[in-house]
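A short worksheet on the structure shown next.
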Amino acid sequence: MNARQFKKDEVIFREGAFGSTMYEIKSGTVGIYAAYGTDSEKKLTELEAGRIFGEMALIEVYPRSATAVALSDTETMEISTADLSDYFNNHPEKLVEIMRGMTRRLRELTEDYQNACGAISNWTDAVDHGQKKSGGLLNGIKKLAAIFSSHTEHMPEVNYSSR
């Protein structure tokens, strides 16, 4: 485990990059972004001292799903795959924190998916019955499309079949 300091506005890791570490915030704040630095940029969450981020890179070998940026001067503890056993033996409560965060994100994604399905269903019903599509419905579909595309359009092409 290594202590790491990041200056305000410094990128800690980028969406699409492969990683083998997670971070625990000791002081400062970190913003987690989709499509960081683009016109579609969206701040997903803001984390404070005591919170963990980047854990998905240790669980699965996939590109990072978001960009982490120091929102203030920030000190973290960087935890590598080799450090995991020691870290969780010394901090077992952090396992529950990680599970809660993942279930919260899964619940939010499920809600977005259900909203998208509902909007598409309403749209197709309107088309099937020759009804005029409302602007609100079209705006809802555009909003959902922007959310989902921002999570994938900036990811590098990766061949996962070799894993």
Side-chain angles (χ1 to χ4, degrees), residues 1-116 119 139-160 163:
M1 293 181 266
N2 299 313
R4 296 277 313 269
Q5 286 79 34
F6 298 94
K7 296 287 185 195
K8 181 181 189 293
D9 297 325
E10 186 175 351
V11 172
I12 299 168
F13 58 74
R14 291 204 176 271
E15 179 177 353
F18 282 92
S20 60
T21 57
M22 69 178 190
Y23 300 83
E24 180 181 354
I25 303 170
K26 295 299 184 181
S27 66
T29 54
V30 173
I32 306 297
Y33 294 85
Y36 182 73
T38 71
D39 291 341
S40 329
E41 178 179 302
K42 180 179 179 187
K43 185 191 232 181
L44 303 173
T45 193
E46 187 171 314
L47 306 172
E48 296 179 344
R51 298 291 303 275
I52 292 173
F53 64 98
E55 70 282 357
M56 288 170 47
L58 296 180
I59 295 169
E60 206 170 31
V61 182
Y62 257 51
R64 300 237 189 226
S65 62
T67 297
V69 179
L71 299 179
S72 62
D73 288 350
T74 300
E75 182 180 351
T76 68
M77 182 63 64
E78 183 180 51
I79 301 129
S80 70
T81 305
D83 299 326
L84 275 182
S85 289
D86 287 341
Y87 179 76
F88 289 130
N89 283 334
N90 293 325
H91 306 284
E93 73 283 358
K94 295 298 182 178
L95 281 169
V96 173
E97 179 183 331
I98 289 171
M99 289 188 301
R100 283 188 179 135
M102 288 183 161
T103 57
R104 184 188 73 251
R105 290 193 301 258
L106 180 58
R107 198 171 21 263
E108 290 167 356
L109 186 57
T110 299
E111 183 178 323
D112 288 342
Y113 174 76
Q114 290 171 331
N115 289 338
N139 288 337
I141 290 172
K142 285 180 180 179
K143 177 184 171 190
L144 291 167
I147 290 169
F148 288 113
S149 68
S150 73
H151 290 293
T152 59
E153 66 186 20
H154 303 285
M155 300 293 287
E157 289 294 321
V158 178
N159 180 359
Y160 296 105
R163 291 205 176 103

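In this chain, residues are counted from 1 in sequence order.
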Gly16 to Pro63 - nearest heavy-atom pair and separation: O-CB, 3.3 Å
Residue pair Phe13 / Thr67: nearest heavy atoms and the distance that separates them: O-CG2, 3.3 Å
Gap separating the CD1 atom of Ile79 from the NE2 atom of His91, nearest 0.5 angstrom: 7.5 Å
Lys/Arg-Asp/Glu bridge criterion (N-O < 4.0 Å) met for Lys43, Glu41: no
For Ser72 against Thr74, the heavy-atom pair lying closest together: O-OG1, 2.6 Å
Whether Tyr23 and Phe6 hold their rings parallel, tilted or perpendicular, with breakpoints at 30° and 60°: perpendicular
Residues, nucleotides or ligands: over 12 heavy atoms within 6.0 Å of Gln5 CD: yes
Contact check, side chains of Ile59 and Met102, non-hydrogen atoms, under 4.5 Å: yes
Side chain Glu78, main chain Asn2, donor-acceptor under 3.5 Å: no
CD1 on Ile32 to CD on Glu46, rounded to 0.5 Å: 10.0 Å
Salt-bridge contact Arg100-Glu97 (side-chain N to carboxylate O under 4.0 Å): no
Stepwise side chain to side chain contact (heavy atoms under 4.5 Å, CB included) test for Tyr36 and Val11: CA-CA 10 Å; Tyr36 182 73; Val11 172; 3.9 Å; yes
More than 12 heavy atoms of other groups within 6.0 Å of Met56 CE: no
Donor-acceptor contact present, side-chain Arg51 to main-chain Ile25, <3.5 Å: no
Backbone N/O of Ser80 and side chain of Asp83: donor-acceptor pair under 3.5 Å: yes
Audit row: Ile12, Phe53, side chain to side chain contact (heavy atoms under 4.5 Å, CB included) steps and yes/no: CA-CA 11 Å; Ile12 299 168; Phe53 64 98; 3.9 Å; yes
Met77 vs Lys26 side-chain heavy atoms within contact, under 4.5 Å: yes
Nearest-0.5 Å distance that lies between atom CG in Asp73 and atom CD in Glu10: 9.5 Å
All salt bridge (Lys or Arg N to Asp or Glu O under 4.0 Å) counterparts of Lys8, not counting sequence neighbours: none
Heavy-atom closest pair, residues Leu44 and Ala66: CD1-CB, 4.1 Å
Euclidean distance, Tyr33 OH relative to Lys42 NZ, rounded to 0.5 Å: 13.0 Å
Met22, Met99, Lys94, Glu24 screened by side-chain contact (heavy atoms from CB on, under 4.5 Å) with Glu55, the one that passes: Met22
Non-neighbouring partners of Thr81 that pass side chain to side chain donor-acceptor pair (under 3.5 Å), sequence neighbours left out: none
Straight-line distance of Leu58 CG to Thr21 OG1, nearest 0.5 Å: 6.5 Å
